[in-house]
Amino acid sequence: MSPATTGTFLLTVYTIFSKVHSDRNVYPSAGVLFVHVLEREYFKGEFPPYPKPGEISNDPITFNTNLMGYPDRPGWLRYIQRTPYSDGVLYGSPTAESVGKPTIIEITAYNRRTFETARHNLIINTMSAEDFPLPYQAEFFIKNMNVEEMLASEVLGDFLGAVKNVWQPERLNAINITSALDRGGRIPLPINDMKEGVYVMVGADVPFSSCLREVKNPQNQLRCSQEMEPVITCDKKFRTQFYIDWCKISLVDKTKQVSTYQEVIRGEGILPDGGEYKPPSDSLKSRDYYTDFLITLAVPSAVALVLFLVLAYIMCCRREGVIQLVHHSAIQKSTKELRDMSKNREIAWPLSTLPVFHPVTGEIIPPLHTDNYDSTHMPLMQTQQNLPHQTQIPQQQTAGDFRLTTFQRFEVNGIPEERKLTEAMNL
């Protein structure tokens with residue numbers, strides 16, 4: 001093996017083993033803000049191909065965090081990562097119940113380009129804090145910040161410094177940070193660099209300063225009710241970097257809170273101690289359910305039988321529909337007679353089809369249609385025209401004018417009849 005090959009192999013081995021990280025241990029204090037950044041650079045070296053020293057890799061990486069053996073994190077621990085190209089952040093305020101109990105958080109990193117995964121454990125050893133909790137707590141709402149921006153150590157340090165200048169405590173700690181979205185806030189529109197807003201709770205060991213108590217005076221309360229900004233003298237100390245909504249500030253004095261716990265005093269309404277539960281013995285008498293079974297089936301069956309008999313009597317014995325059947329039979333009989341009559345066309349022909357006599361000569365003019373003509377297709381009214389059996393007779397009027405009168409001669413049932421069809425006008 002050449003020296004160059006050996007050097008490359010050793011460099012590769014060193015790169016691989018240098019990226020094998022052990023479990024991390026952190027020691028936060030109960031009641032104090034805990035922030036742990038999941039750096040992408042920390043996990044990049046674990047995804048093959050392993051980068052060489054000095055080589056820059058910008059693969060998209062996302063993280064998944066959960067309590068070991070459970071699908072989610074503890075209730076006090078939150079996680080946020082805006083994009084796959086930004087670091088993830090675990091943050092929260094450990095509770096007193098977690099003191100002395102190691103909390104193991106499984107961290108799984110996903111390389112979205114190669115689909116490789118890497119897993120590490122974060123062991124959180126919560127320690128008890130002095131003067132826990134701090135007696136005076138104030139919560140500020142910062143409008144121009146997102147939660148991941150506020151979690152940065154530099155930004156959080158600047159805010160605590162501004163609060164310390166206003167409050168002047170001996171001890172000041174950040175207790176918790178909450179996004180406005182977790183408090184029911186709305187996602188801002190992507191215009192004018194609008195932010196979601198963040199709630200920051202801090203605690204101190206001295207009472208609130210006069211500046212912080214200004215928001216509670218009646219004038220500022222009235223301005224807040226009218227959706228106007230209150231007048232706070234120390235606002236200028238925050239305004240350079242932080243825009244605080246003073247109407248949403250919350251001041252909590254733990255020293256004035258009365259404990260709601262009351263010792264239970266036995267008396268009326270409290271049942272006496274009955275001792276241990278004694279289940280029933282196995283020597284129970286058997287019960288015969290045969291009679292109950294018969295009653296359950298017999299009663300519905302008897303009711304159904306009675307209803308069936310009543311319906312059968314109505315349908316079979318009381319034939320109230322006989323009259324309707326007779327009427328129906330009469331209608332059928334009449335319909336049959338009409339159909340038989342329509343087949344036998346021996347009725348009198350219409351007057352327009354009978355033979356007529358010429359009014360002058362007396363000759364019989366044949367009818368318009370023969371005997372075998374299908375009268376069913378005969379129109380009800382025929383067009384008036386000069387037919388061969390019509391005769392026009394001139395009549396003289398005054399002044400030498402003549403008018404024509406038309407006559408027809410009909411024969412109905414063998415009886416000749418003469419009927420005037422059109423009379424002269426203006427006789």
TODO: For Gln81 and Thr62, test the side chains for any donor-to-acceptor distance below 3.5 angstrom and give the result as yes or no.
DONE: no

Task: More than 12 heavy atoms of other groups within 6.0 Å of Gln226 CD - done: yes

Open item on the list: Please tell me whether Asp59 and Asn111 have a donor and an acceptor in their side chains that are separated by less than 3.5 angstrom.
Closed with: yes

Task: Under 3.5 Å donor-acceptor, Asn173 side chain and Ile175 backbone - done: no

Task: Ile61 side chain reached by Arg112 side chain, heavy atoms, under 4.5 Å - done: no

Open item on the list: Whether the side chain of Asn146 engages the backbone of Glu148 through a donor-acceptor N/O pair (distance < 3.5 Å, no angle test) should be reported.
Closed with: no

Open item on the list: Does either side chain, that of Asn121 or that of Glu106, offer a donor lying less than 3.5 Å from an acceptor on the other one?
Closed with: no

Open item on the list: Rounded to the nearest 0.5 Å, what separates atom SG in Cys224 from atom CD in Glu229?
Closed with: 9.5 Å

Open item on the list: Between the side chains of Arg24 and Glu39, is the shortest nitrogen-to-carboxylate-oxygen separation below 4.0 Å, so that they form an ion pair?
Closed with: no

Task: Test item: Ser29 side-chain N/O and Ser128 main-chain N/O as donor-acceptor pair under 3.5 Å - done: no

Open item on the list: In the structure I gave you, are the side-chain heavy atoms of Leu38 and Thr65 within less than 4.5 Å of one another anywhere?
Closed with: yes

Task: Ile123 and Pro102, any side-chain heavy atoms less than 4.5 Å apart - done: yes

Open item on the list: Ignoring hydrogens, what is the shortest heavy-atom contact between Leu172 and Pro169? Give both atom names and the distance.
Closed with: CB-CG, 3.8 Å

Open item on the list: Just so I know, are the side chains of Gln168 and Val206 near enough to count as touching, which here means a heavy-atom distance under 4.5 Å?
Closed with: no

Open item on the list: Please enumerate all residues that pass side-chain hydrogen bond (donor to acceptor under 3.5 Å, both in side chains) together with Ser209, with sequence neighbours excluded.
Closed with: none

TODO: Would you check if Gln137 and Val202 make a side-chain contact, meaning some heavy-atom pair closer than 4.5 Å?
DONE: no

Open item on the list: Using every non-hydrogen atom in the two residues, find where Pro74 and Ile105 come nearest and quote the distance to one decimal.
Closed with: CD-CD1, 3.7 Å

Task: Where at least one partner belongs to residues 84-113, residue pairs that pass ring pair (Phe, Tyr, Trp, His ring centres under 6.0 Å), sequence neighbours excluded - done: none

TODO: Could you tell me whether a side-chain N or O of Thr296 sits under 3.5 Å from a main-chain N or O of Asp292, the two making a donor and an acceptor?
DONE: yes

Task: Any donor-acceptor N/O pair, Asn220 side chain to Glu214 backbone, under 3.5 Å - done: yes

- [ ] Return the orientation label for the Phe238 and Phe159 ring planes: parallel under 30°, perpendicular over 60°, tilted otherwise.
- [x] tilted

Open item on the list: When you measure from the side chain of Arg40 to the backbone of Pro84, do you find a donor-acceptor pair of N or O atoms at a distance under 3.5 Å?
Closed with: yes

Open item on the list: When you compare the side chains of Asp235 and Trp246, does any donor N or O come within less than 3.5 Å of an acceptor on the partner?
Closed with: yes

TODO: Taking atom CD1 of Ile187 as the centre, report whether more than 12 heavy atoms of other residues, nucleotides or ligands fall under 6.0 Å from it.
DONE: no

Task: Exercise: identify the closest heavy-atom pair between Ser250 and Val252 - done: OG-CG2, 3.9 Å

Task: Other residues, nucleotides, ligands: >12 heavy atoms within 6.0 Å of Met68 CE - done: yes

Task: Non-hydrogen atoms of Val215 and Leu212 that approach each other most closely - done: CG1-O, 3.5 Å

- [ ] Work out which heavy atom in Trp167 is nearest to a heavy atom in Pro207; give both atom names and the distance.
- [x] NE1-O, 2.8 Å

- [ ] If the plane angle is over 60° it's perpendicular, under 30° parallel, otherwise tilted; pick one for His120 and Phe43.
- [x] tilted

- [ ] Locate the shortest heavy-atom distance separating Lys44 from Glu41; write the atom from each residue and the value.
- [x] NZ-OE2, 2.8 Å

Open item on the list: So Arg113 and Pro60, do their side chains get closer than 4.5 Å, heavy atoms only?
Closed with: yes

Task: Point-to-point distance, once rounded to the nearest 0.5 Å, from CD1 of Ile124 to OH of Tyr27 - done: 12.0 Å

Open item on the list: For the residue pair Arg183 and Tyr199, would you count it as a cation-pi contact if the rule is NZ or CZ under 6.0 angstrom from the ring centre and within 45 degrees of the ring axis?
Closed with: yes

Open item on the list: So Ile244 and Phe141, do their side chains get closer than 4.5 Å, heavy atoms only?
Closed with: no

- [ ] Side-chain contact test, heavy atoms from C-beta onward, threshold under 4.5 Å: evaluate it for Phe63 versus Leu90 and give yes or no.
- [x] no

Open item on the list: Against the six-membered ring of Tyr243, is Lys143 placed for a cation-pi contact (under 6.0 Å from the centre, within 45° of the normal)?
Closed with: no

TODO: Return yes if some donor-acceptor pair links the side-chain N/O of Asp23 with the main-chain N/O of Leu122 below 3.5 Å, else return no.
DONE: no

TODO: Report yes or no: does Asn176 contribute a side-chain atom to a donor-acceptor pair with the main-chain N or O of Leu33 at less than 3.5 Å?
DONE: no

Open item on the list: Can you confirm whether more than 12 heavy atoms, excluding those of Glu337, are under 6.0 Å from its CD atom?
Closed with: yes

- [ ] Answer yes or no: are there more than 12 heavy-atom neighbours, outside Gln221 itself, under 6.0 Å from its atom CD?
- [x] yes

Task: Trace of the salt bridge (Lys or Arg N to Asp or Glu O under 4.0 Å) decision for Lys248 with Glu139 - done: CA-CA 8 Å; Lys248 294 184 178 180; Glu139 187 177 56; over 6 Å; no

